[in-house]
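Here is the structure we will look at.
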Amino acid sequence: MPELPEVETIKNTLKLLVKGKQIKDVSIYWPNIIKKPTDTEKFKYILTGQVFRDIDRKGKFLLFYLDDDVLVSHLRMEGKYSIHQSEEPAKKHTHVIFTFTDGTELRYNDVRKFGTMHLFPKGYEHTEQPLSKLGPDALANTFTSTLLYEKLTKTTRFIKTCLLDQTIVAGLGNIYVDEVLFKASVHPLKRGNELTNKEIQAIQEATVLILKNAVQKGGTTIRSYTNSHGEMGMFQQHLSVYGKEDEPCITCGNPIVKIKISGRGSHVCTTCQKK
DNA sequence: TTGGGTGTTGAGTA
DNA sequence: ATACTCAACACCCA
């Protein structure tokens with residue numbers, strides 16, 4: 001589900017809810033979510049007693065900073081965090097519960113169980129997988145058109161595939177890539193090395209504009225995404241192509257078509273986005 | 001009823 | 001190197 005704007009919104013809403021809370025216990029109902037350490041008893045032991053100090057984000061990853069360690073969490077398709085009273089019964093797809101000393105709990109819910117958690121001693125989180133492989137965050141000032149130009153012009157891959165590749169730029173997913181390429185007037189099947197300097201600049205600028213706008217609108221809710229207060233995003237009202245198959249293009253009026261690129265549904269106006 | 005599709009990403013294969 | 005398929009999993013819809 002969540003791409004950069006959704007994860008950023010979750011970070012902002014969750015930060016206020018967990019800061020200063022001390023972990024009394026951790027319950028794990030689906031161990032496959034815990035990727036490091038592989039021993040879930042060790043995972044629990046390390047976390048117990050620590051206090052949540054801050055939350056950061058890189059690309060689509062949440063970084064929970066505790067006293068001595070950092071919990072790196074990826075929500076994949078449908079992961080969600082929410083705060084509850086301990087007495088409140090857990091929902092159907094709650095897989096990890098962090099019980100706090102004040103009688104509340106942070107619960108991780110994930111219908112499809114694709115999400116991941118990695119625990120690192122502070123200082124090691126960025127130099128080891130999964131974060132070590134990421135390119136610059138799409139909203140960081142290190143994401144420049146110069147850098148994008150260097151990475152794109154030496155590959156023959158489709159631009160859509162490149163923008164989904166988190167080692168090139170971190171944070172874009174299927175919705176926002178389609179929106180970015182429409183705004184930049186670039187066809188998703190254009191190859192990296194076919195792009196002009198001007199097109200790459202347009203892609204970089206569209207990325208920043210769209211993502212900032214989407215963060216400001218609280219993200220995009222298509223079916224299940226909510227922030228950690230349970231509120232929906234509003235950016236779905238501003239989508240130009242994603243989910244608009246057969247609807248008229250807002251620029252030229254021709255119908256948006258849906259094609260498949262590396263297994264992902266891709267929405268494009270073949271009139272506005274030249275190949 | 002069943003197969004195809006879903007906001008992600010790694011592995012395997014040709 | 002690249003593009004595709006599958007797998008992880010549950011649910012929704014035509």
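Because the structure is a prediction, the values reported are computed rather than measured. Quick note on labels: first sequence line is chain A, next is B, and so on, each numbered from 1.
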Practice task
Using a heavy-atom cut-off of under 4.0 Å over every strand shown, decide if A:T156 touches base, sugar-phosphate, or nothing.
Solution key: sugar-phosphate
Exercise for the section: Measure the shortest side-chain to side-chain distance between A:S240 and A:K183 over non-hydrogen atoms and say whether it is less than 4.5 angstrom. Expected result: no
Fill in the blank from the handout: Winner on side-chain proximity to A:V111, out of C:dT2, C:dC11, C:dA8, is C:dC11
Problem - Among B:dG7, B:dT6, C:dC9, the nucleotide that comes nearest once only the side chain of A:F114 is considered - result: C:dC9
Practice task
Please determine if a side-chain N or O atom of A:H93 lies less than 4.0 Å away from the OP1 or OP2 oxygen of C:dA10.
Solution key: no
Handout entry: Separation of the P atoms in C:dA1 and B:dT8, to the nearest angstrom
Key = 25 Å
Fill in the blank from the handout: Atom CG of A:D110 and atom P of B:dT8 are separated, to the nearest Å, by 13 Å
Problem - Any A:K92 side-chain N or O less than 4.0 Å from OP1/OP2 of C:dA10 - result: no
Practice task
Classify the side chain of A:R223 versus the base of B:dG7 as yes if they form a donor-acceptor pair under 3.5 Å and no if they do not.
Solution key: yes
Completion exercise
Here the distance between atom P of B:dT6 and atom CD of A:E6, to the nearest Å, is 17 Å
Practice task
Can you tell me the distance, in whole Å, between the CG atom of A:N174 and the P atom of B:dT6?
Solution key: 8 Å
Practice task
Compare side-chain N and O positions of A:R264 against OP1 and OP2 of B:dG7 and report whether any pair is under 4.0 Å apart.
Solution key: yes
Exercise for the section: Decide side-chain contact (heavy atoms from CB on, under 4.5 Å) for A:L163 and A:Y176; before the verdict, give the C-alpha distance in whole Å, the side-chain angles of both, and the deciding distance to 0.1 Å. Expected result: CA-CA 10 Å; A:L163 293 179; A:Y176 294 106; over 6 Å; no
Completion exercise
In whole angstroms, the gap separating C1' of B:dG7 from CG of A:L4 amounts to 13 Å
Handout entry: A:K113, nearest nucleotide to its side chain (from B:dG10, B:dT6, C:dC9)
Key = C:dC9
Exercise for the section: Mind calculating the distance between CG (A:N32) and P (C:dA10) to the nearest angstrom? Expected result: 11 Å
Problem - Listed nucleotide nearest any side-chain atom of A:R157, set C:dA8, C:dT2, B:dG7 - result: C:dT2
Exercise for the section: Please check if the distance between the ring centroids of A:F100 and A:F52 is under 6.0 Å. Expected result: yes
Handout entry: Pairing partner of C:dC9 (Watson-Crick or G-U wobble, both distances under 3.5 Å)
Key = none
Practice task
Could you work out the separation of B:dT1 and C:dA8 based on their P atoms and round it to a whole Å?
Solution key: 25 Å
Handout entry: Spacing of CG belonging to A:L75 relative to NZ belonging to A:K80, to within rounding of 0.5 Å
Key = 9.5 Å
Practice task
Tell me what A:Y242 touches on the nucleic acid: a base, only sugar-phosphate, or nothing, going by heavy atoms under 4.0 Å.
Solution key: sugar-phosphate
Handout entry: Candidates A:T13, A:L14, A:V18 - the one meeting side-chain contact (heavy atoms from CB on, under 4.5 Å) with A:Y81
Key = A:L14
Practice task
Assign A:G173 to base, sugar-phosphate, or nothing according to its heavy-atom contacts below 4.0 angstrom with the strands shown.
Solution key: sugar-phosphate
Exercise for the section: For A:T116, report the nucleic acid contact type (base, sugar-phosphate, nothing); a contact means any heavy atom under 4.0 Å. Expected result: nothing
Practice task
Please determine if A:K160 and A:D178 form a salt bridge, counting it only when a charged side-chain N lies under 4.0 Å from a carboxylate O.
Solution key: yes
Practice task
Sticking with atom P, work out how far C:dT2 lies from B:dG7, rounded to a whole angstrom.
Solution key: 24 Å
Problem - First encountered from the 5' end of DNA chain B, between A:Q129 and A:R112 - result: A:R112
Practice task
Return the value, rounded to whole Å, for the distance between atom OH of A:Y108 and atom C1' of C:dC9.
Solution key: 12 Å
Practice task
Applying side-chain hydrogen bond (donor to acceptor under 3.5 Å, both in side chains), run through A:T153 and A:N193 and close with a yes or a no.
Solution key: CA-CA 4 Å; A:T153 50; A:N193 63 359; over 6 Å; no
Practice task
Would you mind classifying the nucleic acid contact of A:K258 as base, sugar-phosphate or nothing, using non-hydrogen atoms under 4.0 angstrom?
Solution key: sugar-phosphate
Fill in the blank from the handout: A:I10 atom CD1 is separated from B:dT8 atom P, nearest whole Å, by 13 Å
Problem - Nucleotide B:dT9, atom P - distance to CD1 of A:I168 in whole Å - result: 13 Å
Exercise for the section: Tell me whether A:Y225 is stacked on the nucleobase of B:dG7, counting only the six-membered base ring and applying the 5.5 Å and 30° thresholds. Expected result: no
